[in-house]
Amino acid sequence: MSRWAGRFGAAVLALGLLATSPALALDGIVEKKLFEMPSYTTTGGGTIKNVRIGWESYGKLNDAKDNVILLAHFFSGSSHAAGKYKAEDAAPGYWDSIVGPGKPLDTDKYFIISSDTLVNLSPKDPTVITTGPASVNPDTGKPYGLTFPVVTIRDFVNVQKSLLDSLGVTGVQAVMGGSMGSLQALEWGVAYPEMVKRVIAVIGGAEADPFLIGWLNLWAAPIKLDPNWNNGDYYGKTEPKAGLTEALKLVTLHARHWKWADAAFGRKWADESKDPRAALGNQYAIEAWLDKAAAGRAAVSDANHFLYLVKASQTFVIGNGASLEEGLAKLKAPTLLIPSADDLVFAPDRNMRPLKERLEKQGNAVEYSEAITSTLGHLDGVVNIAKAGDSIAKFLAK
């Protein structure tokens, strides 16, 4: 493989755990904690027993328990938003650049909580704790597979609410999230309006529009076409790793932008001695990089979990109902919207800007930051969130 593929081969998957500058790292080591519920009933009426999710926190909960900010993570993320589990870890959590003493999410002032979602993408990651289709159904002693109930963004929110209840937290200064986390932040604002003082939605929207629903269908297709998927019944057998890897390649590229691809790879070959025109197996550098990045991510992911997250994202409309208008009418908290200028997943002109206009029309207090501009597309909302740091800090100070 050429130096070009090698240069980028170490980069993590789009929407995965992303490196930030060590100089910005949160002081101290963070601990993964466990929250358990005997059972949970989904919005669709399904019952999940022995629910377990992981969570971590930064800063200290004050005596009044009113200094909380809840962070919700993106599609392939986890609760690891800041800091390191061990001093020797290569990189801190994905939003470490804005979490810590004196940063926009100031841990000298706020108690920041972040949890793994129900049905997290990465149940094979030892730092992730989640209940989902790969978990054992206590009634059968076997993994749930597709017998696991379909879950929604509201279900993720409800489990987070139970976590806060267990800590005696009755209100939060803000709920903030990026991408799928943005959907959760907005849903928090309508599901528990009495608890949420502010909503900060990054690279998201108030519903999954038809174009995004179609894209999510494409994300899922390689898994369903892999014969080893076997309609979700693959636990203890050969897993659909090839389909999952191809699905993650789609996520990776969709979450970036052609400006990034031009700058990072151009038309360079993966191997300088192997012309892609000479044989079907000869690759361009970007192809080799996508293969490597997705394979690394697939090693800790689960195919059924991926499909359940796709469904939760497709079915999202704020308020968990049929009507966008009805859901938005329930959103009362002041809201900060932070798009990424070149986002190809939640294009600003299709999502954040119309949402701003709708909220203004119904009299909501809404702010709109256009600080995130780079070449990474959707991923900019994760990697370059510090560009919106001033907007976030000022919004929290009001």
Side-chain angles (χ1 to χ4, degrees), residues 1 5 8-19 73-78 80 90-91 94 116-117 119-128 130 132-134 146 178-181 183 203 208 212-230 232 234-235 238-258 260-261 264-265 270 283-314 343-346 376-383:
M1 186 174 293
F8 298 101
V12 298
L13 177 66
L15 304 181
L17 299 180
L18 297 154
H73 68 72
F74 40 86
F75 187 93
S76 64
S78 75
H80 195 43
Y94 66 92
D116 297 332
T117 57
V119 193
N120 187 278
L121 178 62
S122 308
K124 298 177 185 178
D125 185 332
T127 68
V128 170
T130 188
L146 297 196
S179 193
M180 192 182 77
L183 312 187
I203 54 172
L212 179 57
I213 291 171
W215 263 108
L216 289 163
N217 175 268
L218 294 179
W219 288 12
I223 292 172
K224 294 181 178 180
L225 290 173
D226 188 326
N228 290 326
W229 179 57
N230 194 32
Y234 56 79
Y235 299 107
T238 301
E239 297 193 5
K241 189 162 288 186
L244 177 59
T245 301
E246 293 303 307
L248 289 164
K249 282 168 65 176
L250 280 169
V251 177
T252 305
L253 192 59
H254 190 196
R256 283 174 164 81
H257 195 274
W258 57 78
W260 160 82
F265 301 103
Q283 292 184 310
Y284 287 95
I286 191 170
E287 294 180 284
W289 181 85
L290 284 168
D291 285 344
K292 185 173 182 178
R297 188 60 179 158
V300 296
S301 302
D302 179 82
N304 284 337
H305 282 230
F306 185 105
L307 297 178
Y308 273 72
L309 291 177
V310 162
K311 180 63 74 174
S313 299
Q314 286 178 316
D343 194 339
L344 299 179
V345 180
F346 285 99
L376 287 176
H378 186 67
L379 190 59
D380 268 324
V382 179
V383 176

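Between the CG atom in L216 and the CG atom in L307 there is a gap of 11.0 Å [rounded to 0.5 Å]. One distance of note links CG of D125 with OG1 of T130; it measures 11.0 Å at 0.5 Å rounding.
Donor-acceptor pairing under 3.5 Å is recorded for the side chains of N120 and H73. Using modelled atom types, one finds a donor on one side chain and an acceptor on the other under 3.5 Å when comparing D302 with Y234.
In this structure, K224 has no side-chain hydrogen bond (donor to acceptor under 3.5 Å, both in side chains) partners at least two apart in sequence or on a different chain. I213 is linked by a side chain to side chain contact (heavy atoms under 4.5 Å, CB included) to A208, Q314, counting only residues two or more places apart in sequence or in another chain. Taking H254 as the reference, W215, W219 meet the ring-ring contact (aromatic ring centres under 6.0 Å, His included) condition, with sequence neighbours excluded. For K311, there are no salt bridge (Lys or Arg N to Asp or Glu O under 4.0 Å) partners at least two apart in sequence or on another chain. Residues that satisfy the side chain to side chain contact (heavy atoms under 4.5 Å, CB included) test with A261, not counting sequence neighbours, are I286. Residues that satisfy the salt bridge (Lys or Arg N to Asp or Glu O under 4.0 Å) test with D291, not counting sequence neighbours, are K249.
Counting heavy atoms from C-beta outward, Y94 and V383 have side chains that stay 4.5 Å or more apart. Two residues are said to be in side-chain contact when any heavy atoms from C-beta on lie closer than 4.5 Å; L244 and W229 fail this criterion. In this structure the side chain of D343 never reaches within 4.5 angstrom of the side chain of L376, judged on heavy atoms. Counting only heavy atoms from C-beta outward, the side chains of F306 and S301 never approach each other to under 4.5 Å. Two residues are said to be in side-chain contact when any heavy atoms from C-beta on lie closer than 4.5 Å; N304 and L146 meet this criterion.
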- Could you give me the CA-CA distance, side-chain angles and deciding distance for K124 and E239, then say whether salt bridge (charged side-chain N to carboxylate O under 4.0 Å, His left out) is met? CA-CA 13 Å; K124 298 177 185 178; E239 297 193 5; 2.6 Å; yes
- Query: What's the verdict on side chain to side chain contact (heavy atoms under 4.5 Å, CB included) for F346 and L183, showing C-alpha distance, side-chain angles and the deciding distance?
  - Reply: CA-CA 11 Å; F346 285 99; L183 312 187; 4.0 Å; yes
- Message: Set out, in order, the CA-CA distance, both residues' side-chain angles and the distance that settles side chain to side chain contact (heavy atoms under 4.5 Å, CB included) for T117 and M180, then state yes or no.
- Response: CA-CA 10 Å; T117 57; M180 192 182 77; 4.1 Å; yes
- Output, in order, the C-alpha distance, side-chain angles, deciding distance and verdict of side chain to side chain contact (heavy atoms under 4.5 Å, CB included) for L379 and W260. CA-CA 10 Å; L379 190 59; W260 160 82; over 6 Å; no
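When all heavy atoms of V119 and Y308 are compared, the pair lying nearest together is CG1-CB, 3.6 Å. When all heavy atoms of D116 and T127 are compared, the pair lying nearest together is OD2-O, 4.2 Å. Taking each heavy atom of L250 and P222 in turn, the nearest pair found is CD1-CG, 4.0 Å.
Counting only distance, with no hydrogens or angles, the side chain of H305 and the backbone of A134 share a donor-acceptor pair below 3.5 Å. Although no hydrogens or angles enter the test, the distance criterion places no donor-acceptor pair under 3.5 Å between the side chain of N228 and the main chain of P240. A distance-only check finds no donor-acceptor pair linking the side chain of S179 to the backbone of F74 [under 3.5 Å]. Judged purely by atom type and a 3.5 angstrom limit, E287 uses its side chain to pair as donor or acceptor with the backbone of Y284. No side-chain donor-acceptor contact under 3.5 Å links S78 to the backbone of V128.
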